[in-house]
There are 2 protein chains.
Amino acid sequence: MKRNSFISREQDYALRMTAYLAALPKGEFINVPTLAQRLFISQKFASRIIHKLKKAKITDSIQGKYGGVFLKADPKKLSLYDVLNTIGFKVKFNDCLKKEFKCELKFGCKFHAFWVNEEEILINKLKKEKISDYLLKEKHN
Amino acid sequence: MKRNSFISREQDYALRMTAYLAALPKGEFINVPTLAQRLFISQKFASRIIHKLKKAKITDSIQGKYGGVFLKADPKKLSLYDVLNTIGFKVKFNDCLKKEFKCELKFGCKFHAFWVNEEEILINKLKKEKISDYLLKEKHN
DNA sequence: TTTAAACATTACCTAAAAGGTTATGTTTAA
DNA sequence: TTAAACATAACCTTTTAGGTAATGTTTAAA
């Protein structure tokens with residue numbers, strides 16, 4: 001599978017995991033192997049992502065046997081942007097929007113403004129959308 | 001420089017070249033080495049991009065010594081999307097929007113709908129914006 | 001106090017894509 | 001005939017995505 005998406009698998013997995021944890025009843029937690037299996041993520045990869053989320057204080061964990069992880073942040077305040085950002089989200093529609101980029105074009109380039117604008121629109125939406133509106137719950141069959 | 005932008009350098013260069021050619025007076029053309037130099041693109045890379053644009057009938061060329069290239073399409077009808085598409089633009093906000101992707105999640109995943117929606121919004125804008133509104137003209141000093 | 005099974009953390013690996021360059025044509029005006 | 005353009009495919013190198021491997025540390029329960 002070609003990997004040229006706007007968000008990476010890792011970022012997608014982070015959203016899934018956060019949304020799953022947010023749907024757990026209050027006080028409950030789940031261990032990473034089980035969580036990974038439910039969301040079709042490899043255990044080790046899931047573990048590394050959870051670690052990043054913990055460092056960002058989005059999740060927290062209980063160590064030791066019978067330990068597990070749970071959501072620490074308030075899902076009603078936690079935005080998609082917050083989660084993606086934790087996993088190294090760098091929205092750049094075009095290289096010319098990066099700080100270190102030096103555009104050599106002497107003439108006015110209107111493309112630049114277009115990308116700046118579109119990027120801002122998307123970022124604002126990602127900041128507006130909260131995890132509480134994206135809960136992942138298993139269906140009861 | 002890290003290369004994790006939404007559009008690639010090659011796609012960016014294609015837009016630049018198209019916008020430059022669109023600004024040429026009617027009937028004029030320019031050779032690729034000169035065009036590449038004006039837009040800070042390597043000659044060979046520019047040549048390959050121009051070739052793709054020609055195959056898509058966006059540009060045309062005059063061969064032989066003193067030959068050159070020019071815009072064939074109507075810049076008022078030529079969209080940013082048309083140009084990007086020629087250079088292999090595959091907008092996919094997330095892998096799960098790809099045809100060949102099979103989402104394993106059994107429960108309703110609202111993230112999917114979010115990406116579908118945002119992607120559609122951006123594509124529609126790229127289709128709406130025409131090259132004629134993005135002309136690249138050198139400033140006269 | 002031992003041990004199973006969880007979390008914690010870093011180092012490493014591999015395929016593929018980006019971003020080109022090289023090479024070798026073919027065409028045409030002078 | 002030749003210089004200088006366009007035409008086109010093949011090749012190359014660096015970086016990144018997307019993991020896996022390895023080795024801890026912690027804690028509940030036997």
Side-chain angles (χ1 to χ4, degrees), chain A residues 1-14 16-17 21 29-37 39-70 72 84 87-90 92 94-96 98 100-101, chain B residues 1-14 16-17 21 29-37 39-57 59-70 72 84 87-90 92 94-96 98 101:
Chain A
M1 167 111 43
K2 290 182 184 177
R3 289 167 298 189
N4 53 353
S5 288
F6 196 52
I7 68 162
S8 68
R9 300 313 302 137
E10 190 178 8
Q11 288 158 357
D12 182 64
Y13 294 159
R16 286 189 197 183
M17 288 194 282
L21 293 180
F29 57 94
I30 186 174
N31 62 58
V32 175
T34 306
L35 176 63
Q37 191 182 21
L39 299 175
F40 303 90
I41 307 168
S42 90
Q43 194 186 118
K44 293 295 177 80
F45 201 23
S47 174
R48 201 175 68 180
I49 294 166
I50 279 290
H51 182 55
K52 289 181 183 177
L53 291 170
K54 187 186 175 182
K55 278 203 291 188
K57 300 182 180 176
I58 290 173
T59 63
D60 208 346
S61 64
I62 294 168
Q63 285 204 13
K65 194 173 178 179
Y66 308 106
V69 296
F70 55 93
K72 185 182 187 184
L84 293 175
I87 313 296
F89 191 48
K90 302 265 179 246
K92 288 299 160 201
N94 197 357
D95 274 3
C96 68
K98 295 176 182 168
E100 67 272 29
F101 191 88
Chain B
M1 166 111 43
K2 291 181 184 175
R3 287 166 297 189
N4 51 354
S5 289
F6 195 54
I7 66 162
S8 68
R9 301 314 299 138
E10 190 179 8
Q11 288 159 357
D12 181 63
Y13 294 159
R16 286 189 197 184
M17 288 194 282
L21 294 180
F29 57 94
I30 186 173
N31 63 58
V32 174
T34 305
L35 176 63
Q37 191 183 19
L39 299 175
F40 302 89
I41 307 168
S42 90
Q43 193 186 119
K44 291 297 174 81
F45 201 23
S47 173
R48 201 177 66 180
I49 295 166
I50 279 289
H51 182 55
K52 289 181 184 177
L53 291 170
K54 187 185 176 182
K55 278 203 289 188
K57 299 185 180 176
T59 62
D60 209 345
S61 63
I62 294 167
Q63 284 205 14
K65 195 174 179 180
Y66 307 106
V69 295
F70 56 93
K72 184 181 187 184
L84 294 175
I87 314 296
F89 191 48
K90 302 263 180 248
K92 286 300 160 205
N94 197 357
D95 273 5
C96 68
K98 295 175 184 169
F101 191 87

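Naming convention: chains lettered A, B, ... in sequence-line order (proteins, then strands); numbering from 1 in each chain.
Of the candidate nucleotides C:dA5, D:dG19, D:dA3, D:dA3 has the atom lying nearest to any side-chain atom of B:Lys65. Proximity note for A:Ser42 (side chain, C-beta onward) versus C:dG20, D:dA7, D:dG19: the nearest is D:dG19.
In plain terms, the two heavy atoms of A:Tyr66 and A:Phe29 that are nearest each other are O-CE1, 3.5 Å. The shortest non-hydrogen separation linking A:Ala46 to A:Val32 is CB-CG1, 4.0 Å. B:Ile50 and B:Met17 make their closest contact through CG1-SD, 4.0 Å (heavy atoms, listed as atom of the first residue, atom of the second, distance).
The separation between B:Arg48 atom CZ and D:dC11 atom P is 14 Å, rounded to whole Å. Rounding to whole angstrom units, CG of residue B:Asn31 and P of D:dA5 are separated by 5 Å. Residue B:Lys44 contributes atom NZ, which lies 13 Å from atom C1' of D:dA10 at whole-angstrom precision. In this structure, the CD atom of A:Gln63 is 6 Å from the P atom of D:dT27, given to the nearest Å. With rounding to whole Å, B:Ile49 atom CD1 is found 11 Å from C:dT21 atom P. Rounding to whole angstrom units, CD1 of residue B:Ile87 and P of C:dA18 are separated by 12 Å. Atom-to-atom, CD of B:Gln43 to P of D:dA7 comes out at 13 Å; the value is rounded to the nearest Å. Whole-Å rounding puts the A:Phe45 CZ to D:dT20 P distance at 8 Å.
Backbone-only engagement by B:Ile62 is indicated by non-hydrogen atom pairs under 4.0 Å involving sugar-phosphate atoms exclusively. Residue contacts shown for A:Phe29 are absent, as no nucleic acid heavy atom lies under 4.0 Å away. A:Gly67 comes within contact range of the sugar-phosphate backbone alone, with a heavy-atom separation under 4.0 Å but no base atom that close.
Checking the phosphate oxygens (OP1, OP2) of C:dA4, no side-chain nitrogen or oxygen of A:Tyr66 falls inside 4.0 Å. Close to C:dA6, at under 4.0 Å from its OP1 or OP2, lies no side-chain N or O of A:Ser61.
Interatomic distance, B:Ile49 CD1 to B:Ile87 CD1, rounded to the nearest 0.5 Å: 6.0 Å.
Remark: C:dT2 base-pairs with D:dA29; criterion is Watson-Crick or G-U wobble with both hydrogen-bond distances under 3.5 Å.
Contact annotation: the side chain of A:Leu21 approaches that of A:Leu35 to within less than 4.5 Å [non-hydrogen atoms, C-beta and beyond].
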